[in-house]
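Every chain is numbered from 1, with letters handed out A, B, ... down the list of sequences. In this text, all values refer to a predicted model and were calculated from it rather than measured experimentally. What's counted below: heavy atoms across the whole structure, side chains too, no hydrogens, waters or symmetry copies.
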Number of protein chains: 2
Amino acid sequence: MADTAPPSGPAGTPRSGRPRYGARPTMKDVASRAGVGLKTVSRVVNGEPGVTPDTERRVQDAITALGFRRNDSARILRKGRTASIGLILEDLADPFYAPLNRAVEEVARDHGALLINGSSAEDADREQELALAFCARRVDGLIVIPAGHDHRYLEPEIAAGVATVFVDRPAGLIDADAVLTDNFGGAREGVAHLVAHGHRRIGFIGDQPHIHTAAERLRGYRAAMETAGLPVDGSWVSPGSTAPGRVRAEAERMLTGPDPVTALFTGNNRVTVTAVRVIAELGRPVALVGFDDFELADLLSPAVTVVAQDPARLGRTAARLLFRRLEGVEGAPRRVELPTRLVPRGSGELPPPSA
Amino acid sequence: MADTAPPSGPAGTPRSGRPRYGARPTMKDVASRAGVGLKTVSRVVNGEPGVTPDTERRVQDAITALGFRRNDSARILRKGRTASIGLILEDLADPFYAPLNRAVEEVARDHGALLINGSSAEDADREQELALAFCARRVDGLIVIPAGHDHRYLEPEIAAGVATVFVDRPAGLIDADAVLTDNFGGAREGVAHLVAHGHRRIGFIGDQPHIHTAAERLRGYRAAMETAGLPVDGSWVSPGSTAPGRVRAEAERMLTGPDPVTALFTGNNRVTVTAVRVIAELGRPVALVGFDDFELADLLSPAVTVVAQDPARLGRTAARLLFRRLEGVEGAPRRVELPTRLVPRGSGELPPPSA
DNA sequence: CTGAAAGCGCTTACAG
DNA sequence: CTGAAAGCGCTTACAG
């Protein structure tokens, strides 16, 4: 008899209508179990009209019995769009980018898209590798916080229809949508704030100058000093790595030399935190304004005055622009610049020591 | 002549061998342009042996000319595994989970897999929706920080071969791999530390008790008190929302009542930060130990003593376990528990006010 | 209302 | 060394 076939254990059930272990039932399996055609199953799964209640029920029963779940990868292959976007940031672990990440996710979710994530680790090669891997998966769009300065490698992808928006820093050597913070204006305002509180000797410690945001902030510092008619001594300006060791050394040098600065403008949150430590160890108050807000800045004493960006808004704006492009909005690449906000908390309002 | 066909603008090039705008060249396009078979292109693209240098060059030229990039979605459909994993956490914007996220990414990268991300927003329905969406995309594996307490919805997926590891909190109503922190032991140690510094009246403010980690930490608090032979007044124990308003009210109540506690044990980083604010406003030192480390804890005054978890290790451990499962390691579900580390910084070593 | 055929862009299993 | 055929699991376009 046909039933004398060897009993099928959990690891392999050749009996028709049931998938083998580790495999998954397909629409074909559902169709044969329900005794209908493939297209009818497709109609039920996708809620398309034109199926009698009785047929629908039979299909639903088969779906439940087999534990069928539509394979969206196959669907996607046929439909063209993948309903997924890729986001490349510098470091998924960096608290500064976390709200940006979440904001992008929310917008993607509103549009029914999934989010693929990756960290460039501030390495141009890794950025490219990730971006192209995402494109190979045929993401509909790409949001990139660039690490590199040459994005020509993306030209074929963009031409092929991958919507691409750069955030936080502009693209290099290609013309593309970008959503940025007004780094120049923010830094200028922060330094002007120190000037307004009587400082004339203001130090700048920032990130490496090849990073766009760092260069812009340094430019803002210089502009504020020039506007105020203040000279800038070369020894007051220190762009470079944000490694605590270097920042610490530079802050100590500027604050304890023969003719010390009376205030510090720090170019990003990591620099600011190290500067706070140095000042605390110094034992005397030093005026400080930092670029980027950070948690607990208000709990330190003195509380730290900052030029705040809005990372969530950066992400939201970029993602919305991306989906607008995907919906067919054409036009020249856009450059959106978001404002900063000066948050006075105490450290930036300290006067210079009365000479 | 054939060349009298209407000129083809950028939006549509019917000329054979070139894709229309917005579409992408396929292996078939490459094959016909190079004058070879489809399989030969596949061999070149995948670096398989058995192609003469001359043929290979012709194929490479066609690839370059057309800007071909293999469609990994199609490849995946045929191969079975998608080389992607999904990670569901509570909130991509939460700095606590950011290092976990990055650690998972690094392990995935080591295994050539991409990372799809999502936030449950502490909502069980949204967790399920995300998990099933990831499964529909046929991720190879799933790492979940669960929001819900019933994960039976994942049983068909797990049976179908989706490797699944829970992190930070265990799965509900199913038996599955889990990587957890020793919340009980950590809390017990933190409270015992306060006891060792002379405190007998210690308050506990924690998260909602239906959250596994919160319940475990409360259990640790009670165990430490009991071990020390100290009674626990009901008014000293406050599990509930971590919203600043509630935490603030509870901290103020415990610290300013008729018979106030002399020390506070706070159940997570958000609670700790609010407690620090309340204590700062109070104007007198109060001993404090918090569960979870946080940035700048050492810069506050007094610096905050914490029971630290290692979120990156949590993520790394979970991801490694996941890939071991994907490599075929069978066996009963595992439960890994990672130790905490008490970090004395000052606030936890304050003595009770001399009565 | 229902379904057979063709095709999305690859890989697998074979055959020359 | 090379390639035609079949198939991964769906959807599209059509026909009954």
field: Residue-phosphate contact under 4.0 Å: A/T40 side-chain N/O, C/dT2 OP1/OP2
entry: no
message: What is the distance, to the nearest angstrom, from the CG atom on B/L38 to the C1' atom on D/dA5?
response: 11 Å
message: I'd like to know if B/D54 and B/R58 make a salt bridge, using a cut-off of under 4.0 Å between side-chain N and carboxylate O.
response: yes
task: Let me know the distance between NZ of A/K39 and P of D/dT12, rounded to the nearest Å.
output: 7 Å
- line: Separation of D/dT2 atom P from B/R57 atom CZ, nearest Å, is 13 Å
task: May I ask you to evaluate whether A/S42 reaches the phosphate of D/dT11, defined as a side-chain N or O under 4.0 Å from OP1 or OP2?
output: yes
query: For C/dT11, does OP1 or OP2 lie under 4.0 Å from any side-chain N or O of B/R75?
result: yes
message: Within the 4.0 Å heavy-atom criterion, would you say A/V36 contacts the bases, only the backbone, or no part of the nucleic acid?
response: sugar-phosphate
- line: Taking C/dC8, D/dA6, C/dT2 as options, the one with an atom nearest any side-chain atom of B/R78 is D/dA6
Spacing between A/I76 atom CD1 and C/dC10 atom P, to the nearest angstrom: 15 Å
message: Applying a 4.0 Å non-hydrogen cut-off, can you work out what B/D72 is touching in the nucleic acid: base, sugar-phosphate, or nothing?
response: nothing
- prompt: Closest to the B/N71 side chain: D/dT11, C/dC10, D/dG9?
  reply: C/dC10
message: Measure CG/B/N46 against P/C/dG9 and give the value in whole Å, please.
response: 17 Å
- line: Intra- and inter-strand pairing of DNA chain C, written as dot-bracket with Watson-Crick and G-U pairs under 3.5 Å and | for the latter, reads |||.||||||||.|||
field: Side chains of B/F68 and B/R24 in contact at under 4.5 Å (non-hydrogen atoms)
entry: no
message: Taking side-chain hydrogen bond (donor to acceptor under 3.5 Å, both in side chains) as the criterion, tell me which of A/R69, A/R70, A/R75 meets it with A/D72.
response: A/R70
statement: To the nearest angstrom, the NZ-C1' distance between B/K28 and C/dT11 comes to 16 Å
statement: Winner on side-chain proximity to A/T26, out of D/dC10, C/dG9, C/dA13, is D/dC10
task: Would you indicate whether the side-chain heavy atoms of A/E327 and A/H111 approach each other to under 4.5 Å?
output: yes
task: Identify whether any heavy atom of B/S73 sits under 4.0 Å from a base atom; if not, whether one sits that close to sugar-phosphate; answer base, sugar-phosphate or nothing.
output: nothing
- request: Remember a base hit wins even if backbone is also touched, and classify A/K79 as base, sugar-phosphate or nothing at under 4.0 Å, heavy atoms.
  value: sugar-phosphate
- prompt: Starting at the 5' end of DNA chain C and moving along, which residue's nearest nucleotide shows up first, B/L77 or B/E48?
  reply: B/L77
task: Classify the side chain of B/R43 versus the base of D/dG3 as yes if they form a donor-acceptor pair under 3.5 Å and no if they do not.
output: yes
field: Nearest non-hydrogen partners of B/A178 and B/P170, listed with the distance
entry: CB-CA, 4.4 Å
- prompt: If you take atom types as modelled and just measure distance, does the side chain of B/R70 reach the base of C/dG9 with a donor-acceptor pair under 3.5 Å?
  reply: no
message: For residues 104-122 of chain B, which residue pairs pass the salt bridge (Lys or Arg N to Asp or Glu O under 4.0 Å) check, not counting sequence neighbours?
response: A/R126-B/E105, A/R126-B/E106, A/E129-B/R109, B/R102-B/E105, B/R102-B/E106, B/E122-B/R169
query: Would a 4.5 Å heavy-atom cut-off, applied to side chains only, mark A/V107 and A/F323 as touching?
result: yes
- request: Measure from CG on B/D29 to P on C/dC8 and round the result to the nearest Å.
  value: 10 Å
message: Please give me the minimum heavy-atom distance between B/A332 and B/D177, naming the atom from each residue.
response: O-OD1, 4.4 Å
Length of the CE-C1' vector between A/M27 and C/dC8, whole Å: 15 Å
- prompt: Does A/T52 place a side-chain N or O at less than 4.0 Å from the phosphate oxygens OP1/OP2 of C/dT2?
  reply: yes
